[in-house]
Amino acid sequence: MSDAALKTSSAGFPSLVTVLRAEPLLWLIAAIIVTGAITSEYYLTGQNIENLLRSVSVFGLLALGMTVVMLTGRIDLSVAATMIFSIVVAVKVMVLLGDGLGLRWLVKGNTYAGPSMPFLAIAIVTGCAVGALNGIGIAYFRIAPFIMTLVSLTALRGFNYVLTDGHPYYLRSPVFAFVGDQVVLGIPFSTLVFLAVLVALILFVNGTVAGSRFYAIGGSERAALYAGVRTERFVVLAYMISGFCAALAGILFTARLKSVDAPLASGYELTAIAIAVIGGTALSGGVGSPWRTLLGSLVFASGLNLLAIWGIGTWYQNLIVGTVLIAAVALSRIGRPRASS
Amino acid sequence: MPAVSRRQLLKSAAGLACAAALPGLASTPASAAPVHDLLNALIKKYSDAAKAAMANTDIKALFEKDGFRDYLDVYPVGDLAGGFVWKPGMGASFTGPYSKLQIKAPFTDYLPMNEGPVLDKAKTYRIGFVFHGFNHPWLISLADTAAWEAARHPNVQLEVIDAEFDDNKMGQVIDTWIAKQFDGIVLWPSREAPMGPPVDRAIAAGIPVVSLDRRTSSEVISSEVLGNFYANGLQQGLYLQHAAAGSGAMICNRKDLGSTADSIRTGSYLEVIGNSPDYKMLANYHTNSQRTLAFKSTADALQAFKDIAIIFNTGGEEAMGALDAVREAGRLNSAPGGKKIIILANDDAREVLKEIRTGNMDMVAPYTPLIGDIGIRAVIMHIGHKAGLLPEAPPKLILTPNLPMITREKMTIEGIETLTPDEWPYAYGPEVAS
């Protein structure tokens, strides 16, 4: 299914048969699942499916934000650092607020015990703010996206250490336990959050004029400018969406680990880029969709999960994943009409 | 054995403190007490003194800023499981299954287990071993000993996974083993906080879990095989007091703040030297077990400071990086008065021992990675106890024996008789040309 097809079909979702014919990644996912079911009695157990879906949620959210940025022909290397930074900032701000109110919200040395909802809101706002800074630097100050977000990545990693003094913070409230561990009708809560963001982004990108601007900017920024599109605003918006997704991924990630620690999630930005690319998002911009990023996430997570179930070492996992990814990208290119690429 | 924190330091060692309380600036007679107990007594002595006062303002400021007291007070110090007494020379020799290096593991007689099938001979026991770093000599040696012990028991199937220093990946590996209903899990956690929840989930699923060397934040973990971090830092401090007589400017190359290794080693080192007012802390780096970072930070410090007399290193990789930088700068003998810079190390890698032998490094506190076998035996015992096949589970805290420091020449410092490199057959890592 081409991006054009996806966009024109925004009034109604395409039929399953159409989707299966047009999406080689779906066949790959099916092949992985069937192989898993045949070779391991544990692959399709509820416990393992939960593990797989949780993995999809965090990496999928990072990749969704990356997809939106890549649609504009840019990149965001700071997503993983933002994901931890937003949580660290939330802890620090809430503890300071607590101090101001005469309340002790950091107990046992480094366990956060304050209210959860303001905490989550601060984390989300921080993620969006980091995205806005990246976007402003890139759109208005003409800093190359690679440089701007690499600087952000490095600076945020440094800030994470400075703000925490290298100490972990424990997050042990019932809300974090719910977000990290709760399963609703067999689906982890974190997956439901991911799916909600996915649907929202599909509707936004494919069903609104603002969403179509991302494709226009990525396809030809000059043409978009000549057409009267204020490209800077949409570039900033794309980075803010990426920051939002990163912060949300940070919430799901740290809620599962019940803690936040400065060095966590190192290198996850590359995984996010890989997933987006597997899903067919072009590094040059203008091509891609959140739906395909979902497929990319599923290929990535289900493949890794299968290798883990087989007990294959991580060195070999990396090798096999790399090979499969190249094959997946090639297959998706072969099956797609030329116009979309 | 009941849980024993440093606060509840064993009473049996308290008496030894008196013997160890002799002035520490000169060689003292060796104590007849086991080195484990003697070191525990010294830990108590210096910890009490540091709690009472810390006269050195530089040291005190760092000690308080990094919150070492919080970590030190909960790090267990106590008796060995089952009344085990370790003596130099004990242990089995074999070729490491992964490193292919010749290994002599010191603690194979600790919580001993006969070769052959274990527990129910008709059943195969699946045990997962997850750690970080097949690219790190210390960690490969840890995996070597775990795999060696598992291979001694034909009905034990060991799955070994490297989580590549990604805590989340380690959690996912454990979750996969829960889904696969493994019989037991042994892990080497890099950091404490993030590994608690996965361990809790495994325990809730009825799977015994044993951690090696470092701790997790889980309060329900089956057993922790804990090393002698406290004795490491303590002995670095004791050696420095002996060699520098209470004065000198120093830099520190440390591991990640928040890691057990850094918190306890550096903390106990500072406890020992904290009451000597003439030490000066020039710079303090976190080089995170990376030789290249330690090289860079030391090279920077050598540029910035002309009076460096002491380089404290939390690990062997840091010490090697620091020594390389000192050598490259031609500054080995650039301490005030033309004296040699004192280089203090941890981790008894073969290449570190070579530098001790040649006199480039001054001391190393051994911290052996050859403890994976204890973890495997402990988890098998837990599995057996859970299945009703063994009357007793191993203790929650399985402390590894404190080991004496290694110096070029044999000496006795506060009753601790040091060993020379030639007296230490337990070194790990690749052979180095002498």
Taking [options] one by one, which has the highest count of heavy-atom pairs under 4.5 Å against chain A?
options: B/Met195, B/Arg126, B/His286; result: B/Arg126
options: B/Asp70, B/Ile178, B/Val160, B/Asp175; result: B/Asp175
options: B/Asp66, B/Val173, B/Asp166, B/Asp167; result: B/Asp166

- prompt: Taking everything shown except A/Tyr42 itself, do over 12 heavy atoms lie less than 6.0 Å from its OH?
  reply: yes
If I take atom [atom1] from residue [X] and atom [atom2] from residue [Y], how far apart are they, to the nearest 0.5 angstrom?
X: A/Asp181; Y: B/Arg201; atom1: CG; atom2: CZ; result: 6.0 Å
X: A/Ser266; Y: B/Glu164; atom1: OG; atom2: CD; result: 13.0 Å
X: B/Asn168; Y: A/Leu264; atom1: CG; atom2: CG; result: 8.0 Å
X: A/Leu307; Y: B/Ile161; atom1: CG; atom2: CD1; result: 10.0 Å
X: B/Asp200; Y: A/Lys258; atom1: CG; atom2: NZ; result: 8.5 Å
X: B/Arg191; Y: A/Asp261; atom1: CZ; atom2: CG; result: 5.5 Å

Under a 4.5 Å heavy-atom cut-off, does chain B meet the side chain of [X], its backbone, both or neither?
X: A/Arg256; result: both
X: A/Ser40; result: neither
X: A/Phe253; result: side chain
X: A/Asn51; result: side chain
X: A/Tyr169; result: neither
X: A/Leu52; result: neither
X: A/Asn110; result: neither

Non-hydrogen atoms of [X] and [Y] that approach each other most closely:
X: A/Thr314; Y: B/Lys169; result: CG2-CD, 4.0 Å
X: A/Leu257; Y: B/Pro194; result: CD2-O, 3.6 Å
X: B/Ala193; Y: A/Pro168; result: CB-CB, 3.5 Å
X: B/Lys180; Y: A/Gly311; result: NZ-N, 3.9 Å

With a 4.5 angstrom heavy-atom cut-off, which part of [X] approaches chain A: side chain, backbone, both or neither?
X: B/Asp162; value: both
X: B/Phe182; value: neither
X: B/Phe165; value: neither
X: B/Ser263; value: neither

message: I need the residue from A/Gly180, A/Ala262, A/Ser259 with the largest number of non-hydrogen atom pairs under 4.5 Å to chain B.
response: A/Ser259
- prompt: Looking at A/Leu304, A/Val58, A/Thr45, A/Asp165, which has the largest count of heavy-atom pairs under 4.5 Å with chain B?
  reply: A/Asp165
